[in-house]
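First comes the structure, then the notes that go with it.
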There are 2 protein chains.
Amino acid sequence: MKEYERLFTEYLEAKGQRLTQPRRLILEAVFSLHDHFDVEQLYDRLRIHNEEVSRATIYRTLPLLVESGLIQHSLRQADRDFYEHILGHPQHLHWICRKCGTVVETSLEMVLPHINKVASQQRFQIEDYQLNLRGLCWKCADNENENQ
Amino acid sequence: MKEYERLFTEYLEAKGQRLTQPRRLILEAVFSLHDHFDVEQLYDRLRIHNEEVSRATIYRTLPLLVESGLIQHSLRQADRDFYEHILGHPQHLHWICRKCGTVVETSLEMVLPHINKVASQQRFQIEDYQLNLRGLCWKCADNENENQ
DNA sequence: TCCTTTATTGAGAATCAATCTCACTTTATT
DNA sequence: AATAAAGTGAGATTGATTCTCAATAAAGGA
């Protein structure tokens, strides 16, 4: 059994809940996507593989995955919530271009110790890291200057 | 004339736009609030002072203030966008409790040099800093443990 | 001051992601 | 198999945000 399956099962059982077929399909899809995803992308992914699950169930399952620590809600773009799985993935900064929508990730290594220190000072239990810098990537910045 | 008024006027004029009465009222209200605010809070604030401006105008003006660099869209909470004015306010981290909704700010001083270095390396023009840590504050964490 | 042009506003309609409802279906247990 | 509890799907609902469009305000010239 894959680790994320074991962890999710444990999380659910601790709450008296079950790892059902739809939840298993969602879990697998989430870990098959190696990038940020939103509900629509997840829904499409499942449909393509003939594993249709209703949107309602996806919307209900994502918070469970967040609470279990397997994924996090890491950014919001174009009026949608985006998630990513975090099991074994180091935290990172997101650089989001407001024009072309590209999301670049960079390491958080240099910054994490400071954040963790502040967290423990105020006894804050971090669940999601939403460390996003929004602005213009160099390509779009160059284009803006050209068109002036 | 206050500096933010001068800056906003300059920004608007450069785009062939005008500092109208509703925009001036919104600008003043934004700088009278010394905390994060959303559209509803701004709207209420204006009404209380008998300076009613339509929600539509508020929604249209906020992006102008963001683009002019006077405010930033710094967090999203309870399905609402929150802004804060940044003129003269150093950037900071937000610690958001998912349970009680409290938002604590801490200094970014230790982290900003790293972020700026990465930004210049990839020639990314930062417009908004959305550096948010979500989780449980110590009070809510204690409560959760009690109720188990 | 009046006129013309262009930007702006307000009110309400429209949009759309996310949530909720509820009858039906699974799952686990006896 | 029977029962009880958890879970699901379809569609309705919600609510923040955006859009539309007729009416209004601002700026500059005559």
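Because the structure is a prediction, the values reported are computed rather than measured. Below, read A as the first sequence line, B as the second, and so on, with proteins coming before strands; counting in each chain starts at 1.
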- Note on the structure: Exactly one candidate in A:Asp128, A:Asp38, A:Asp81 meets salt bridge (Lys or Arg N to Asp or Glu O under 4.0 Å) with A:Arg76; the answer is A:Asp81
- Query: Just the endpoints, please: which first and last nucleotides of DNA chain C, 5' to 3', lie under 4.0 Å from a heavy atom of chain A?
  - Reply: C:dA17 to C:dA28
- Note on the structure: By nearest-nucleotide position on DNA chain C, the 5'-leaning member of B:Gly16 and B:Arg60 is B:Gly16
- Query: Pick the nucleotide of DNA chain C nearest each of A:Val39 and B:Leu12; which residue has the one closer to the 5' end?
  - Reply: B:Leu12
- chain A contact limits on DNA chain D, taken 5' to 3' with a cut-off of 4.0 angstrom to heavy atoms: D:dA5 to D:dA10
- Task: Walk me through it: do A:Leu131 and A:Gln91 pass the test side-chain contact (heavy atoms from CB on, under 4.5 Å)?
- Result: CA-CA 9 Å; A:Leu131 302 172; A:Gln91 294 297 337; over 6 Å; no
- Query: With both distances under 3.5 angstrom, what nucleotide forms a Watson-Crick or G-U wobble pair with D:dA26?
  - Reply: C:dT5
- Query: Will you find, in the side chains of B:His94 and B:Gln77, an N or O donor that is under 3.5 Å from an N or O acceptor?
  - Reply: no
- Item | Check: A:His89/A:Gln72 side-chain N/O donor and acceptor closer than 3.5 Å | no
Across the strands shown, which category fits [X] at heavy-atom distances under 4.0 angstrom: base, sugar-phosphate, nothing?
| X | answer |
| --- | --- |
| A:Arg18 | base |
| B:Arg23 | sugar-phosphate |
| B:Asp38 | nothing |

- Item | Residues A:Arg24, A:Glu28; criterion salt bridge (Lys or Arg N to Asp or Glu O under 4.0 Å); working and verdict | CA-CA 6 Å; A:Arg24 192 190 306 274; A:Glu28 290 301 332; over 6 Å; no
- Is the shortest side-chain N to carboxylate O distance from B:Arg47 to B:Glu52 below 4.0 Å? yes
- Under 3.5 Å donor-acceptor, B:Gln122 side chain and A:Cys137 backbone: no
